[in-house]
A.B. asks: 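First, the structure itself, so that you have it in front of you.
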Number of protein chains: 2
Amino acid sequence: MITIGKLAGLTSVSNDTLRYYEAEGLVSPAGKSPAGYRLYDRDSARRIHFIKHAQQCGFTLAEIRDLLDVRGRDKACCGDVRTRAIEKKLQIESKIRAMKAMSKALDQLISECANEKRPVKECTIIAALERANGSKRMQ
Amino acid sequence: MITIGKLAGLTSVSNDTLRYYEAEGLVSPAGKSPAGYRLYDRDSARRIHFIKHAQQCGFTLAEIRDLLDVRGRDKACCGDVRTRAIEKKLQIESKIRAMKAMSKALDQLISECANEKRPVKECTIIAALERANGSKRMQ
DNA sequence: ATTGACCCTGGAGTATACTCCTGGGTTCAA
DNA sequence: TTGAACCCAGGAGTATACTCCAGGGTCAAT
């Protein structure tokens with residue numbers, strides 16, 4: 001059983017973040033000392049690592065709470081987890097598409113700008129952004 | 001000169017958003033009626049369209065305020081705008097790379113999961129996320 | 001006994017881009 | 001003249017994931 005500071009050091013998150021995770025129902029200490037200090041066990045550390053890695057995979061804390069819940073359920077099967085992973089991957093790919101569209105729109109704007117010295121009044125980038133009905137490249 | 005509601009209708013943003021933009025220094029009405037109603041001109045509509053399109057290109061409101069500022073400066077040249085567009089494109093591409101890494105990590109997790117019916121205790125996805133030191137695919 | 005490092009609760013603050021609400025004044029048509 | 005539709009200011013609320021603070025208690029070593 002370790003105190004909050006030790007767990008924080010072990011997992012590279014702050015004490016505040018651990019308390020925040022507890023408030024959010026993600027990780028609870030295994031017990032409390034007589035003085036009211038939080039005491040964590042090994043599973044707590046596993047849960048923190050789980051949270052951090054899931055975040056790196058793009059899951060929000062709410063989704064991670066759900067995953068942790070599945071992880072703790074006896075009747076749950078691998079497919080329950082897999083479904084969530086696939087769903088998240090689709091979300092991420094959709095965001096990537098949106099960002100690629102932005103990147104492409106910017107490319108167009110940048111390449112259309114022939115003369116950097118031109119006064120801003122004649123700037124093609126500004127003009128393109130002002131146009132009432134966005135051209136095809138901006139949706 | 002049109003009232004806020006008309007401009008809102010013209011540009012497909014809400015009255016509240018227009019007032020918010022004003023508070024943020026993005027668009028100010030050209031004047032006010034005796035009763036204190038905001039009165040907008042044609043340039044206001046152009047500015048709103050500008051804001052919306054720049055948002056679609058991934059610029060934040062703070063960056064857009066800066067772009068609008070450049071747009072209004074006589075001494076500014078096209079290069080000032082172009083530089084910002086290039087910078088934004090780099091930011092977006094960096095985000096795309098991060099999201100592709102997430103997508104790839106999820107792919108690995110999903111493909112490693114051989115048996116969907118397996119109980120969650122043996123779930124390879126859960127296990128991978130718990131591992132203390134993330135594997136190569138998760139950085 | 002005291003010092004410093006640690007822990008506690010509860011609440012506020014951060015960033016972004018709005019949205020909604022309260023309580024009131026204005027404009028216009030019937 | 002009255003009612004609907006519009007406008008105003010000021011402030012609070014939304015989501016996300018923390019971070020920081022005040023004011024206090026606890027623990028180990030000296």
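In the text below, chain A, chain B and the rest are named by the order of the sequence lines, each starting its count at 1.
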A.B. asks: I'd like to know if the side chain of B/Ser94 and the backbone of B/Leu90 have a donor-acceptor N/O pair within less than 3.5 Å.
C.D. replies: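 Not confirmed, B/Ser94 side chain does not pair with B/Leu90 backbone.
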
A.B. asks: Compare every heavy atom of A/Leu129 with every heavy atom of B/Cys57, then report the nearest pair and how far apart it is.
C.D. replies: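 Distance-wise, the nearest heavy atoms are SG-CD2, 4.3 Å.
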
A.B. asks: Given the rule in the salt bridge (charged side-chain N to carboxylate O under 4.0 Å, His left out) test, do A/Glu93 and A/Lys89 qualify, once you have shown the distances and angles that lead to the verdict?
C.D. replies: CA-CA 6 Å; A/Glu93 282 175 346; A/Lys89 189 174 141 58; 2.4 Å; yes

A.B. asks: Not counting sequence neighbours, which residues clear salt bridge (Lys or Arg N to Asp or Glu O under 4.0 Å) with B/Asp66? List them please.
C.D. replies: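 Once residues adjacent in sequence are excluded, the partners of B/Asp66 under the salt bridge (Lys or Arg N to Asp or Glu O under 4.0 Å) criterion are B/Arg84.
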
A.B. asks: Run the salt bridge (Lys or Arg N to Asp or Glu O under 4.0 Å) test against B/Arg71 and tell me which residues pass, sequence neighbours left out.
C.D. replies: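 Checked B/Arg71 against salt bridge (Lys or Arg N to Asp or Glu O under 4.0 Å); matches are A/Glu130, B/Asp43.
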
A.B. asks: Check this one for me: any side-chain N or O of B/Lys6 less than 4.0 Å away from OP1 or OP2 of D/dC7?
C.D. replies: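 No, no such contact exists.
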
A.B. asks: Rounded to whole angstrom units, what separation is found between the CD1 atom of A/Ile4 and the C1' atom of D/dT19?
C.D. replies: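 The answer, rounded to whole Å, is 14 Å.
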
A.B. asks: Can you list the residues that meet the side chain to side chain donor-acceptor pair (under 3.5 Å) rule with A/Glu122, with sequence neighbours excluded?
C.D. replies: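 Testing A/Glu122 for side chain to side chain donor-acceptor pair (under 3.5 Å), a comparison that skips the adjacent residues, returns none.
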
A.B. asks: Choose from D/dA9, C/dC20, D/dC20 the nucleotide whose nearest atom is closest to any side-chain atom of A/Asp16.
C.D. replies: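 Closest nucleotide among those given: D/dC20.
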
A.B. asks: Partners of B/Thr124 by side chain to side chain donor-acceptor pair (under 3.5 Å), sequence neighbours excluded?
C.D. replies: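 Partners of B/Thr124 by the side chain to side chain donor-acceptor pair (under 3.5 Å) criterion come out as none, since no residue qualifies.
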
A.B. asks: Over how many whole Å does the gap from B/Glu63 atom CD to C/dA15 atom C1' extend?
C.D. replies: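 Taking CD of B/Glu63 and C1' of C/dA15, I get 13 Å after rounding.
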
A.B. asks: Is there a residue in residues 89-99 of chain B whose heavy atoms reach under 4.0 Å of DNA chain C, and which residues are they?
C.D. replies: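 By residue number: none to list.
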
A.B. asks: Can you tabulate the close N/O pairs, meaning under 3.5 Å, that link protein atoms to atoms of nucleotides 26-30 of chain D?
C.D. replies:
{"residue": "D/dT26", "atom": "O4'", "partner": "A/Tyr37", "partner atom": "OH", "Å": "3.1"}

A.B. asks: Distance check needed: C/dG10 C1' versus A/Glu22 CD, whole Å only.
C.D. replies: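 Going from A/Glu22 (CD) to C/dG10 (C1'), I get 14 Å.
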
A.B. asks: Going through the distances and angles, do B/Tyr40 and B/Thr11 end up as a side-chain contact (heavy atoms from CB on, under 4.5 Å)?
C.D. replies: CA-CA 12 Å; B/Tyr40 296 92; B/Thr11 54; over 6 Å; no

A.B. asks: List, by chain and number, the other hydrophobic cluster members for B/Leu39, where Ile, Leu, Val, Met, Phe, Trp and Tyr join if side-chain heavy atoms come within less than 4.5 Å, directly or indirectly.
C.D. replies: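 Answer for B/Leu39: B/Met1.
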
A.B. asks: Just to be sure I understand the rule, does A/Arg19 reach a base, reach only the sugar-phosphate, or reach nothing, if contact means heavy atoms closer than 4.0 Å?
C.D. replies: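 The residue A/Arg19 makes base contact.
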
A.B. asks: Drop me the distance from A/Ile64's CD1 to A/Ile51's CD1, to the nearest 0.5 angstrom.
C.D. replies: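 Going from the CD1 atom of A/Ile64 to the CD1 atom of A/Ile51 covers 6.5 Å.
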
A.B. asks: Would you please name every residue forming a side chain to side chain donor-acceptor pair (under 3.5 Å) with A/Arg73, sequence neighbours left out?
C.D. replies: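 Side chain to side chain donor-acceptor pair (under 3.5 Å) check on A/Arg73 returns A/Asp69.
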
A.B. asks: Between C/dC7 atom P and A/Leu39 atom CG, what is the distance in whole Å?
C.D. replies: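 These atoms are roughly 10 Å apart.
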
A.B. asks: Could you pull out every donor-acceptor pair under 3.5 Å between side chains of residues 24-33 of chain A and any protein atom, sequence neighbours left out?
C.D. replies:
{"residue": "A/Ser33", "atom": "OG", "partner": "A/Ala35", "partner atom": "N", "Å": "3.2"}
{"residue": "A/Ser33", "atom": "OG", "partner": "A/Gly36", "partner atom": "N", "Å": "3.4"}
{"residue": "A/Ser33", "atom": "OG", "partner": "A/Tyr37", "partner atom": "N", "Å": "3.1"}

A.B. asks: Looking at C/dC6, I'd like to know if its phosphate oxygens (OP1 or OP2) sit under 4.0 Å from a side-chain N or O belonging to A/Asn15.
C.D. replies: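 Checking C/dC6 against A/Asn15, no side-chain N or O comes under 4.0 Å of OP1 or OP2.
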
A.B. asks: Distance check needed: C/dT26 C1' versus B/Arg38 CZ, whole Å only.
C.D. replies: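 In whole Å, C/dT26 C1' lies 15 Å from B/Arg38 CZ.
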
A.B. asks: Tell me the interatomic distance from B/Ile2, atom CD1, to D/dC6, atom P, rounded to whole angstroms.
C.D. replies: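 Atom-to-atom, B/Ile2 to D/dC6, this comes out as 14 Å.
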
A.B. asks: Produce the list of close N/O pairs, under 3.5 Å, pairing protein atoms with atoms of nucleotides 16-18 of chain C; give distances to one decimal.
C.D. replies:
{"residue": "C/dA17", "atom": "OP1", "partner": "B/Leu61", "partner atom": "N", "Å": "3.3"}
{"residue": "C/dA17", "atom": "OP2", "partner": "B/Leu61", "partner atom": "N", "Å": "3.2"}
{"residue": "C/dA17", "atom": "N7", "partner": "B/Tyr20", "partner atom": "OH", "Å": "3.4"}
{"residue": "C/dC18", "atom": "OP2", "partner": "B/Tyr21", "partner atom": "OH", "Å": "3.0"}
{"residue": "C/dC18", "atom": "OP2", "partner": "B/Gln55", "partner atom": "NE2", "Å": "2.6"}

A.B. asks: Can you name the nearest heavy-atom pair linking B/Glu63 to B/Thr60, along with the distance?
C.D. replies: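 Reported closest heavy-atom pair: OE1-N, 2.8 Å.
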
A.B. asks: Considering residues at least two apart in sequence or located in another chain, which fulfil the side chain to side chain donor-acceptor pair (under 3.5 Å) criterion with A/Lys52?
C.D. replies: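 For A/Lys52, the residues satisfying side chain to side chain donor-acceptor pair (under 3.5 Å) (neighbours in sequence not counted) are A/Tyr21, A/Gln55.
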
A.B. asks: To the nearest 10 degrees, how far apart in direction are the end axes of the helix from C/dA1-D/dT30 to C/dA30-D/dT1, each fit to five base pairs?
C.D. replies: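 It works out to 30° between the end axes.
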
A.B. asks: Quickly work out the B/Leu7 CG to D/dC6 P distance and round it to whole Å.
C.D. replies: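 The answer, rounded to whole Å, is 15 Å.
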
